[in-house]
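Have a look at the structure below before the remarks.
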Amino acid sequence: MNVLIAGAGRLGTQIAQVLAAARNDVTLIDIDDDRVAELQDRIPARLISGDACEPALLESSGALTADLVIATTGDDEDNLVISLLAKRQFSVPRVAARVNDADNAWLFDERWGVDVAVPAATPLISLIEEATGATDTVALLRLSKAGVDVIETAITPQSRAVDRALGDIALPEGTVVATIVRDGQPTVPDPAIRLRAGDELLLVSHSATEQEIHAAFQ
């Protein structure tokens with residue numbers, strides 16, 4: 001699946017990491033040159049610096065072949081413009097947009113090219129599930145096109161993984177850590193990083209169950 005994400009803040013970066021780890025082709029755009037430079041070599045996605053509200057920039061970033069566009073900037077006006085361009089000018093099959101201000105939620109519909117409007121407070125897993133159109137009723141997100149599950153687990157003070165290096169955790173076969181969310185920020189899952197209570201991990205697996213992932217860390 002070809003995914004184009006506008007906005008490389010916390011939310012956009014987390015989505016990019018998860019979808020890229022699930023073997024999707026992900027492009028992440030941000031208007032902040034410094035932010036793009038900061039993320040270089042940190043996430044497995046193509047990074048582009050520029051204004052996603054510009055049609056030429058969207059086209060050069062791959063909007064014509066995108067299966068999914070997700071607008072996650074912190075500005076509702078920008079998210080609406082990006083959504084409208086994606087749907088009307090580039091005929092993107094599925095467009096999802098973040099709603100930052102609840103008072104603007106009524107604007108985020110098909111008139112502006114939005115297939116899925118997601119409130120800012122929506123949990124990451126639910127947002128990705130809504131955006132991709134995946135359905136799953138057991139707290140797992142199945143990315144059907146990639147044939148994998150994305151599973152979320154949290155490190156509690158009682159977890160035996162506390163203060164252990166990530167590389168020392170025996171994961172089920174076919175499972176990788178996509179990102180570690182620490183203090184509200186996505187962190188590169190380096191094998192040497194030591195896990196802390198409060199860390200939230202997103203893992204991608206071809207076959208492991210939620211219970212097997214939980215057992216590895218708890």
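Keep in mind that what you see is a predicted model, and the values were worked out from it rather than measured. Numbering of residues begins at 1 and proceeds along the displayed sequence.
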Given side chains that start at C-beta, do those of [X] and [Y] come closer than 4.5 Å, heavy atoms only?
X    : Y    : answer
L57  : I48  : yes
E54  : L85  : no
I15  : I70  : yes
M1   : D25  : no
I5   : V26  : yes
L4   : S61  : yes
Q218 : T153 : yes
T13  : L39  : yes

Contact summary for [X] and [Y], nearest pair of heavy atoms:
X    : Y    : result
I29  : G50  : CG2-O, 3.6 Å
G113 : V95  : O-CB, 3.3 Å
P44  : A20  : O-CB, 3.1 Å
D76  : R98  : OD1-O, 3.7 Å
A154 : S159 : O-OG, 4.3 Å

Strictly distance-based, threshold 3.5 Å: is any side-chain N or O of [X] a donor or acceptor partner for the main-chain N or O of [Y]?
X   : Y   : answer
N24 : L19 : yes
R35 : A8  : yes
S60 : A56 : yes
D30 : V36 : no

Notebook entry, point to check: Atom CD in Q14, atom OG1 in T72: separation rounded to 0.5 Å?
Noted result: 10.0 Å
Next item on the list: Run through the side-chain heavy atoms of Ile, Leu, Val, Met, Phe, Trp and Tyr, join any pair under 4.5 Å, and report what else lands in W106's cluster.
Entry: L80, L84, V99, L107, F108, W112, V114
Margin query: Could you see if I31 belongs to whatever hydrophobic cluster contains L28? Use Ile, Leu, Val, Met, Phe, Trp, Tyr and a side-chain cutoff under 4.5 Å.
Written below: no
Next item on the list: Determine, using the 4.5 Å side-chain heavy-atom cutoff (strictly less than), whether L166 and I213 are members of one ILVMFWY cluster.
Entry: yes
Check: Got more than 12 heavy atoms from elsewhere within 6.0 Å of CD, E77?
Finding: no
Next item on the list: Determine whether more than 12 heavy atoms belonging to other residues, nucleotides or ligands lie under 6.0 Å from atom CD of Q40.
Entry: yes
Notebook entry, point to check: Taking only residues at least two apart or on different chains, which pairs with a member in residues 195-207 satisfy salt bridge (charged side-chain N to carboxylate O under 4.0 Å, His left out)?
Noted result: R182-D199
Next item on the list: Salt-bridge test for K87 and D115: reply yes if a basic N is under 4.0 Å from a carboxylate O, no otherwise.
Entry: yes
Notebook entry, point to check: Do you see a donor-acceptor pair shorter than 3.5 Å between the side chains of D78 and T73?
Noted result: no
